[in-house]
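One structure below.
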Amino acid sequence: MFPPDQPPSSPPAPQADYLVRLNPEQREAVETVDGPLLVLAGAGTGKTRVLTTRFAHILMSGRAFPNQVLAVTFTNKAAKEMRERVAAILGRPAEGLWLGTFHALCARMLRRHAEYVGLTSSFTILDTDDQMRLLKQVMDAGVVDMKRWPPQGMMAVIQRWKDRGLTPARITPAEDSDYANNRARSIYEAYQSRLRDLNAADFGDLMLHMTEVLRTQPDVLAQYNRMFRYVLVDEYQDTNTVQYLWLRLLAQERRNICCVGDDDQSIYSWRGAEVENILRFEKDFPGAKIVRLEANYRSTRPILAAAAHLIAKNEGRLGKTLRAGRNDADGEKVRVVSLWDSEEEARTVGERIEGAQRKGISLGETAILVRAGFQTRAFEERLITLGIPYRVVGGLKFYERAEVRDAMAYMRVLHQPSDDLAFERIVNTPKRGIGDGALSAMHTAAREQGVPLAVAAERLARTEVMRARSRAAMRELFDGFHRWRALLGKDGHVVAVATMLDESGYTEMWKQDKSAEAPGRLENLKELVRAIGEFATLEGFLEHVALVMENDENAAEARVSLMTLHAAKGLEFDLVFLPGWEEGLFPHQRALDEGGTKSLEEERRLAYVGITRARKMAVISHAANRRVYGNWSAAIPSRFLAELPEGEIEREGSGASQRAAMLGGPSVFAGGGISSYKPRVIEAGAWEVKERPARAEAMRVGQRVFHQKFGYGRVTAADDNRLEVDFEKAGAKRVLDSFVEKA
DNA sequence: AGGTTAGTAATTTTT
DNA sequence: TTACTAACCT
């Protein structure tokens, strides 16, 4: 289970040509191998290069075997990239590495020590849907008024506790929450005990349980301490308390821990991340060395200057100054564009994208980064109208789609019949006539007999208790599962799953569905079955999906990327649009209301992250009027606009709003934030008032039409005012005739 | 059991 | 405005 203590004794003398390509500070970060090291890596300073080179260097200098290095990232993407780049330096596939996300590594460890926390090694990892359903069950059983105390709130409390490494037993009265009349802790306790009954762990548990094992089992800890000679950590500023504890335990003996991060890019405090972890590093690891990477190889000088000037307004930074590392760093000033309303903003962005495209900037190197998800819609509509291809990053991911989750639940039941939550999900999908009544009967039986839900259900289905119709359907389902399980051994997991999805009636359900999304869903199911084939076993596939909720997009066509600022961290583009810089939206009202200065500073870091995504050009904009939930509101320019260095930016746009942008911030207005605004007052002359499409004549089949969101299409069916339209870009949709006009 | 309708709430989301 | 949920009807 554990590798030998001794590292390879006489390694071949490495030709360290990989070191030559580093600048002095990077090289120092790579070559300071022993003892604690903090690498403060500003945006675009070659952080990943340092991390991967350091990893390779440790191996090539013979300091450790591949399996004696622990390398931790936050995202699967980062882990994958590191693995590939280490392999590239080594010149061979990097195998047997402890390289992965916090959660994947914890899952791997926890499977070996699950018994210490009351699980078996085959525990299932729950997705967010499962978690919520389980918590609701627990709260329901505890007679909590879920109207007054929404389960989401309770879930947030539980997750924060888990982020802090607090098992129910470790919560002191002082740390208890007053949620649901001081019952938070007991609900948490009940939830954890239900998870244990189900032999399941949620995401937070992977970290929490493994840390608990290390805390309470000295022999296990000693094994890992002996094994891991070096520890590498990416994005250290985003670690939460339990991750910090886990790292400290694993690195405590040899103290060869290298954390790479950037306090200026800490934007996940609301998810439990503690910037303090990085700010405190020297205290935690006395004698730690700190290396700063400040040479930026990504952006032009004005972009860097704007970002640096902005972030300098934050207090309590470790302090870093980005300097342009490129020889060709001169570039255009950062644009700050003032606009009348959000529609003009979308139009302007669209036009500028087209203009830039003509100048040779690829759509694939263009991004629109927004503060909140709903903002993407206005841009989507505009891009559709202009026929510019785009992709929304971070929307519903492949594995989060309902049909994929359903299919996954079928597979989970197939693999492990005791997976109650998965069974509950599919027992009546497609409809088998199982309602609340039948379901609660199953639950009661399962509890009384002490067997999994599926077993109890099958017993019920074979007796007379259940209604005849549902009984027949249930029996068919269980006969199916027996058949498919036999198939699993005989024809392999791909055939078994494909057969299961067909014979259970699941694919048929979507074939019968007449909605516009149904064909896409069937496509997704096909894609899912194809993906299973890439794994040797069904089990392996399930583990992968539980931990890797990512979709490998076929990025063949160059598309404009639309995403939130959070989703953009770690990415870079030639041309970046940063719209919606308005008080209340960015910085967001919620951050202003709830977290005071700390939150405001995090918003500022978000702005910093946004600007530093740009290689050649950044266009920041704000609108004077914005539609919020259907009605228009007046908006004040973001205070961040006033924090940009005048010399490095160029202001454009209409007079009044521009002046306001220069003053910046809410200080000149009483109250601040988005105030109420009368929707119909539109300044004469400036903007043509759009006419409502006349409802005069009915649309006929075959009519070519235009839709604000979906663009151009042709009517394929018409039923009074309901139309079915086959859109050129967006596919078949059902729309009301009042939303389209004749083209 | 299942579909319909009224009411309500609405950042950010690496795993 | 939309999307989701919880009562409500058939």
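FYI, side chains are in, hydrogens and waters are out, and symmetry mates aren't considered; it's all heavy atoms of this structure.
As judged by a 4.0 angstrom heavy-atom cut-off over every strand, A:K569 is placed among residues making no nucleic acid contact.
A:N240 has no side-chain polar atom (N or O) that falls below the 4.0 Å cut-off from OP1 or OP2 of B:dT15. Note on A:Y629: a side-chain N or O is less than 4.0 Å away from OP1 or OP2 of B:dT11. At B:dT15, one or more side-chain N or O atoms of A:N76 fall inside 4.0 Å of OP1 or OP2 (strictly under the cut-off).
Both A:H566 and A:L439 lie near DNA chain B, and the one whose nearest nucleotide falls closer to the 5' end is A:L439. Of the residues near DNA chain B, A:T564 and A:A438, the one whose nearest nucleotide (by heavy atom distance) lies more toward the 5' end is A:A438.
With rounding to whole Å, A:E381 atom CD is found 13 Å from C:dT1 atom P.
In this structure, A:R111 forms a cation-pi arrangement with A:F123, its terminal cationic atom sitting closer than 6.0 Å to the ring centre and no more than 45° off the ring axis.
You'll find that the side chain of A:A567 is closest to B:dT13, out of B:dT11, B:dT13, B:dT15. For A:F74, the listed nucleotide lying nearest its side chain is B:dT14; candidates were B:dT11, B:dG2, B:dT14. Nearest nucleotide to the side chain of A:W270, out of B:dT11, B:dT15, B:dT13: B:dT13.
Residue A:H103 and nucleotide B:dT15 are not classified as a stacked aromatic pair, given the requirement of ring centres less than 5.5 Å apart at an interplanar angle below 30°. Stacking of the aromatic ring of A:Y268 onto the base of B:dT12 is not found under the criterion of centres within 5.5 Å and planes under 30°.
Taking the centre of each ring, A:H622 and A:F586 stay at or above the 6.0 Å mark.
B:dT14 sits 25 Å from C:dA3 when the C1' atoms are compared, rounded to a whole Å.
By the 30° and 60° cut-offs, the orientation of the rings of A:Y629 relative to A:F374 is tilted.
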Tell me which donor-acceptor pairs under 3.5 Å the side chains of residues 135-142 of chain A have, and how far apart each pair is, sequence neighbours excluded?
from, atom 1, to, atom 2, distance (Å)
A:Q137, NE2, A:E424, OE1, 3.1
A:Q137, NE2, A:E424, OE2, 3.3

